[in-house]
There are 2 protein chains.
Amino acid sequence: MVRPTMEDVAARAGVSRALVSLVMRGSPKVSDQRRAAVLKAAEELGYSPHAMARSLASRTSHVLGVMVSDLHNAFFAEVVDGLDAVAAEQGFELIINTGGRSPTRERRALRSLLSFRPAGLVLLSPVVPAADIAQAADHTPVVLVARSSRLSTVDTVNDDGERGIGLAVDHLVSLGHKRIAHLDGGGGTQAAPRRRGYLTAMASHGLPPRVVGSEYTDAGGARAVQGLLDDLPTAIISCNDFNAIGAISALEEAGFRVPHDVSVVGYDNTSLAALRHVSLTTVDQPRNEFGRLAAGALLQRVRGERDEPVRHLLHPSLVVRTTTAPPVRPA
Amino acid sequence: MVRPTMEDVAARAGVSRALVSLVMRGSPKVSDQRRAAVLKAAEELGYSPHAMARSLASRTSHVLGVMVSDLHNAFFAEVVDGLDAVAAEQGFELIINTGGRSPTRERRALRSLLSFRPAGLVLLSPVVPAADIAQAADHTPVVLVARSSRLSTVDTVNDDGERGIGLAVDHLVSLGHKRIAHLDGGGGTQAAPRRRGYLTAMASHGLPPRVVGSEYTDAGGARAVQGLLDDLPTAIISCNDFNAIGAISALEEAGFRVPHDVSVVGYDNTSLAALRHVSLTTVDQPRNEFGRLAAGALLQRVRGERDEPVRHLLHPSLVVRTTTAPPVRPA
DNA sequence: CTACAGCCTTAGAGCGCTCCAACAAATAGA
DNA sequence: TCTATTTGTTGGAGCGCTCTAAGGCTGTAG
């Protein structure tokens, strides 16, 4: 259970500890003969370098810390895939932990990550106050994904929610819809730009807006629809996919068919939306790209290539499935 | 950007580095006055201890490494919640990384985790060969979740899939079903015990089994159902929730209603199953409990309280929703 | 007034590694 | 031949911390 150290390898190979260090770091200035001897000894002992000792001694880190606010949400998994790809490519490793959407746990997670002295930090949709983020950013480069910030020390990567909802509105209008309601995400993370996008797009088409208060859950979507039943629009744009699925259930329970009687559009293109049983028309965020850009921005900071903040605002795209169709009822 | 060290805090508080160390570790043998001074200095400097230096010096680690085979699967998120709860309670921290269901990436993830010299390792449904696991277990305590092993050096936590499917069969039989088919998970992780549970339970009720090859996806479930259409059973037990949802879509597309014409049971009780639009009767695994038990077992090993392997086999439970009902067609 | 407990506090060694300066040996240039 | 230069190797200091053993200080007892 006690792991061998460089000293052990050096003794076994009959060389100095420094030489073993050179071999482990792949230095070219080691003779082939010694290199082979060292590698052989390392192999025999089952030696592997001690990352912490290494980074302590070298005063550098090849670790990026990733704080995922909610591990239950597959959204983040794809962002992590993007991060991982870029990090691996550039010789960095990821350590992840999670805040469970609670500021307390999240702050703990942040402290834990920072205690490993990572080269940089990626925060995925954090819920901690900006002050905590600013404090972290004092010590190490930070990039925020799915959360905006005015801090000049942090970079951000977000989707253009205003534009995303605009795509949904345009799609429905082009199908012939005029009475289009928006189920609003309330105080949720990206609710405001989405609502704004809805209002702007409706106005640009000269249509009267109709915003209904709701939330990011399927129960919320169902409830909102129940309030719409007396005066049903021909199309509904939900604040996210869960909400849309709740809306669809409530519509079907009330005897309406989707998309025949009402078209429904979601947001996020979660894996749910792709299920054939759901097959939801929705707005897709380039999640993998989020991760890639976040890693890229972070590594620029890590290498000291940039000082001014970067604000990535990515273009969402509409994925048309089978919950939208031209209206059949009088518009 | 350069972080303060203990030395800095000591200088500012006018005490020695060792005293700061005692304060940071919460030692009782420090006078209140000095303690306050040290904490104040630390606060002012924004000091936080360097986890790596600490564990290097103390030759101990309060870190548990967690390898999640697939971050996209919310199953693991709940296991992590359980792990996190127990770890936090006992003063341990989690570092997570992911293998993306690829043996190569997983091996890399394993190496990365090990390089932090964690006190122990939790592997959630790993896909690497047993030899890699054995090797890791040579260096540090390892517990496997959702994967069995015969290695005497590793503990395991699994659900009793045989029993889980048995619950589903019993439920359907008690509703009056006699023609019950099983959509099999093929070579998937827990497919074998589930199939075995189905066969055993059917036999114990004196019913003829009908196993249909399928896989753990909604497309797989749909395809399997298409092959059943000429001779439809009155109930279907899927290998997991995705498969069940695919099966339901295919049934509905073929003009059958669930549960009126066919009852369907899933497995896993994913968050999908709870959506009102889906409302799937399914078998629940105590995921949070998986995590708690895994952490518990690991910490026993870490503290050297136990040497022999432990095999936890947890009881799944049936969650009855609205996709099962008594059969109306002749059985 | 000395002795001996406590109780706090501190110096110093050392964890596994990197990196620098120094050096021996081999090669090149004069 | 002798001095440069290059190439390969090494000892030692030090990264930020913990931990042991050995202090300094009080206060009380002898």
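Quick note: numbers below take in every heavy atom, side chains included, and nothing from hydrogens, waters or symmetry partners. Just so we're on the same page: letters track the sequence lines, and every chain starts at 1.
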Are a donor atom and an acceptor atom from the side chains of [X] and [Y] found within less than 3.5 Å of each other?
{"X": "Asp81(B)", "Y": "His72(A)", "value": "yes"}
{"X": "Ser31(A)", "Y": "Arg35(A)", "value": "no"}
{"X": "Arg108(A)", "Y": "Thr104(A)", "value": "no"}

The single option from Glu106(B), Arg105(B), Met67(B) passing side-chain contact (heavy atoms from CB on, under 4.5 Å) against Asn97(B): Met67(B)
To the nearest Å, give me how far apart [atom1] ([X]) and [atom2] ([N]) are.
{"X": "Leu22(B)", "N": "dA21(D)", "atom1": "CG", "atom2": "C1'", "result": "14 Å"}
{"X": "Leu19(B)", "N": "dG23(D)", "atom1": "CG", "atom2": "P", "result": "18 Å"}
{"X": "Glu7(B)", "N": "dT10(C)", "atom1": "CD", "atom2": "C1'", "result": "12 Å"}
{"X": "Lys29(A)", "N": "dC23(C)", "atom1": "NZ", "atom2": "C1'", "result": "14 Å"}
{"X": "His50(A)", "N": "dC15(D)", "atom1": "NE2", "atom2": "P", "result": "18 Å"}
{"X": "Met6(B)", "N": "dG12(C)", "atom1": "CE", "atom2": "P", "result": "18 Å"}
{"X": "Arg3(A)", "N": "dC15(C)", "atom1": "CZ", "atom2": "P", "result": "17 Å"}
{"X": "Tyr47(A)", "N": "dG16(C)", "atom1": "OH", "atom2": "P", "result": "10 Å"}

Side-chain N or O of Ser21(A) closer than 4.0 Å to phosphate OP1/OP2 of dT18(C): yes
Presence of Ser31(A) side-chain N/O under 4.0 Å of dT9(D) phosphate oxygens OP1/OP2: yes
Carboxylate-amine/guanidinium contact Arg311(B) Asp155(B), below 4.0 Å: no
Atom of Ala87(B), atom of Leu64(B) and distance for their closest heavy-atom approach: CB-CD1, 4.3 Å
Side-chain donor/acceptor of Arg17(B) to base of dT9(C), under 3.5 Å: no
Contacting residues from residues 52-66 of chain B, given that a heavy atom lies under 4.0 angstrom of DNA chain C: Leu56(B), Ala57(B), Arg59(B)
Among dC19(C), dG12(C), dT9(D), the nucleotide that comes nearest once only the side chain of Arg34(A) is considered: dT9(D)
Ser16(B), nearest nucleotide to its side chain (from dT10(C), dC17(D), dT9(D)): dT10(C)
Exam field: side chain Ser125(A) to backbone Ser69(A), donor-acceptor pair closer than 3.5 Å: no
